[in-house]
Structures are given as C-alpha cells and as structure tokens.
Undergrad: 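Take a look at this one; I'll ask things after.
Heavy atoms only: backbone and side chains are in, while hydrogens, waters and symmetry mates are out.
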Amino acid sequence: MNDHDFLFTAEKIDHRLQLIERALFQKSRALAPWRYRKVDASSQINDELWSQTDSWALIEPHSYWGEWQTNFCLSTELVIPSDWPDSHCLQLYLPMGEAGDFFSHPEMLLTINGECIGSADRHHHVVQLPTDLPKDKRLTVHAVGWT
C-alpha cells in the first residue's frame, strides 16, 4: 500500500471532478441519436452523401458503434432552447473514447449547418459552439472521422 492508497487520493480527485463537472454544465439537453455510415478513405464527402442519412445505421447512446481503423460519417440534429440565456457559453459534450485507450478511439471534425465548428477526440470531449446560432431552430450536425 502506498501513501496515495492510504489517503484515498484517487477517490478525492474523482469526487472533486464530479463537483466541477456539475458546475461546468449548468443546463443540458441530450442530442438526438446519431446516424452512422462507414466510408472508404477515397469517398467523396458531399451533399449527396449527407442527403442519405435517413438510411444510415442508428446509434443508440452509450453503444459500441465503430470498428478499428475505419473512416466514418455521423449525422444528428440539435435545437438550442429559446429560454437559454444568450450569456451562456454553449458547448457540445462528446465523450469520444477514453484517454488511455490506444485501440479504437475516434477522432472527428464537426460542422453545424455546413460550417466547421471544431473537432473531438479522446482528449477533447467539449466543442465550443458559435455564439450566433439561432434558437428554436433545427440545426444539422455532421461529423467526419476515423477510429
């Protein structure tokens, strides 16, 4: 047994992180389920591909959906509620794998209504949203990535 085990250091850190996380995300809303499609590295990612998302596989929350070394596209929609204050910082929380996982962690680039907004991977789970997104309007979120 080392000093950290004796002093419950890991448990204390976990508890503090839970407290901080609750303060970070004051309001939240779940995203609609993602639609998934495996693509070839040479595939054209264009409007024709995105127009077919209704036929793509539906991913249930907290499920395993990818394969190792796979190129993919994801699509979903979001609506920013009208009662959320303009002063709040809006973010997408996308827990895409774990930091210690070296085998199947996804990495992806994200767009909202065709405008690039950022990326997510096993080390970066929060994507800042633009401040000028309209409220109470359906927004399309697309992601192109690789596992």
Side-chain angles (χ1 to χ4, degrees), residues 8-147:
F8 302 103
T9 303
E11 291 86 354
K12 289 177 184 176
I13 291 171
D14 183 56
H15 183 271
R16 297 301 189 288
L17 288 173
Q18 290 177 24
L19 291 173
I20 291 169
E21 186 172 313
R22 283 195 296 260
L24 281 176
F25 304 111
Q26 296 172 8
K27 292 182 182 247
S28 65
R29 176 176 251 180
L31 284 174
W34 290 91
R35 293 280 182 172
Y36 166 83
R37 178 176 172 166
K38 181 178 174 179
V39 294
D40 295 327
S42 62
S43 294
Q44 292 292 324
I45 310 298
N46 55 28
D47 291 340
E48 182 182 346
L49 178 75
W50 293 120
S51 70
Q52 303 167 8
T53 59
D54 287 343
S55 65
W56 296 5
L58 187 65
I59 301 173
E60 294 300 324
H62 309 289
S63 65
Y64 183 82
W65 52 269
E67 299 173 28
W68 189 54
Q69 294 186 348
T70 300
N71 294 290
F72 64 87
C73 291
L74 295 172
S75 181
T76 192
E77 294 180 339
L78 69 85
V79 175
I80 300 168
S82 61
D83 62 341
W84 284 11
D86 292 335
S87 61
H88 282 191
C89 173
L90 297 178
Q91 302 170 329
L92 281 179
Y93 176 59
L94 303 168
M96 303 297 293
E98 297 182 25
D101 179 8
F102 289 99
F103 296 105
S104 63
H105 60 278
E107 301 171 353
M108 60 187 189
L109 297 174
L110 294 135
T111 64
I112 291 184
N113 289 356
E115 297 294 322
C116 186
I117 61 162
S119 63
D121 60 31
R122 65 185 169 160
H123 299 294
H124 304 93
H125 295 179
V126 177
V127 178
Q128 188 81 27
L129 295 180
T131 57
D132 60 349
L133 291 175
K135 294 182 178 180
D136 277 338
K137 183 178 178 187
R138 185 170 286 140
L139 305 170
T140 304
V141 182
H142 289 157
V144 176
W146 179 82
T147 58

Undergrad: Please check if the number of heavy atoms outside Q18 that lie under 6.0 Å from its CD is greater than 12.
TA: yes

Undergrad: To the nearest 0.5 Å, what is the distance between CG (L19) and CG (D14)?
TA: 10.0 Å

Undergrad: Are the side chain of T70 and the backbone of T147 linked by a donor-acceptor contact shorter than 3.5 Å?
TA: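 Not a single qualifying donor-acceptor pair exists.
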
Undergrad: Under the criterion ring-ring contact (aromatic ring centres under 6.0 Å, His included), which of W50, W34, W65, F72 is the partner of W56?
TA: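 Testing each of W50, W34, W65, F72 against W56, the sole residue satisfying ring-ring contact (aromatic ring centres under 6.0 Å, His included) is W50.
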
Undergrad: Let me confirm one number: the NE2-CD distance from H124 to E107, rounded to the nearest 0.5 Å.
TA: 10.5 Å

Undergrad: To check you understand the geometry: which heavy-atom pair defines the closest contact between T76 and A32, and what is its length?
TA: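 Shortest heavy-atom contact: OG1-O, 2.7 Å.
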
Undergrad: Please round to the nearest 0.5 Å and tell me the distance separating atom OG of S75 and atom CD of E77.
TA: 7.0 Å

Undergrad: How many angstroms lie between CE in M108 and OG1 in T111, if you round to the nearest 0.5 Å?
TA: 10.5 Å

Undergrad: Measure the CG-CG distance between L110 and L94 for me, rounded to the nearest 0.5 Å.
TA: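 Between atom CG of L110 and atom CG of L94 there are 6.0 Å.
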
Undergrad: Is N113 close to L133 at the side-chain level, that is, under 4.5 Å between some pair of heavy atoms?
TA: no

Undergrad: So do the side chains of E115 and P130 get within less than 4.5 Å of each other, counting heavy atoms only?
TA: no

Undergrad: Which atom pair, heavy atoms only, marks the closest approach of P81 to K135?
TA: O-CD, 3.6 Å

Undergrad: Flag yes if more than 12 heavy atoms outside D86 fall under 6.0 Å of its CG atom; otherwise flag no.
TA: no

Undergrad: Under the side chain to side chain contact (heavy atoms under 4.5 Å, CB included) criterion, do R35 and L58 qualify, and how do the steps go?
TA: CA-CA 5 Å; R35 293 280 182 172; L58 187 65; 3.7 Å; yes

Undergrad: Within the structure provided, determine whether T53 and T140 are in side-chain contact (heavy-atom separation under 4.5 Å).
TA: no

Undergrad: Output the distance between atom CG (L129) and atom CD1 (I117), rounded to the nearest 0.5 Å.
TA: 5.0 Å

Undergrad: To check you understand the geometry: which heavy-atom pair defines the closest contact between S119 and V127, and what is its length?
TA: O-CG2, 3.4 Å

Undergrad: Under a 4.5 Å cut-off applied to non-hydrogen side-chain atoms, are H142 and I45 in contact?
TA: no

Undergrad: Begin with the C-alpha distance, continue with both residues' side-chain angles, and end with the deciding distance and a verdict on side chain to side chain contact (heavy atoms under 4.5 Å, CB included) for I80 and L78.
TA: CA-CA 7 Å; I80 300 168; L78 69 85; 3.8 Å; yes

Undergrad: State, with a plain yes or no, whether a side-chain heavy atom of V79 is found less than 4.5 Å away from one of D136.
TA: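 Side chain of V79 against side chain of D136, heavy atoms only: contact under 4.5 Å found.
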
Undergrad: Is any side-chain heavy atom of P134 closer than 4.5 Å to one of L139?
TA: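 Touching, per the 4.5 Å side-chain cut-off.
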
Undergrad: What do you reckon, is NZ of K137 surrounded by more than 12 foreign heavy atoms closer than 6.0 Å?
TA: no

Undergrad: Do the side chain of N46 and the main chain of E48 share a donor and acceptor less than 3.5 angstrom apart?
TA: yes

Undergrad: Less than 4.5 Å apart, any side-chain heavy atom of W146 and any of Q69?
TA: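 Yes, their side chains come closer than 4.5 Å.
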
Undergrad: Output yes when a side-chain donor or acceptor of D40 lies under 3.5 Å from a complementary backbone atom of S43, and no otherwise.
TA: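 No: the side chain of D40 does not pair with the backbone of S43.
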
Undergrad: Looking only at heavy atoms, what is the nearest atom pair of E60 and S63, with distance?
TA: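 Nearest pair, atom of E60 first, then S63: O-OG, 2.5 Å.
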
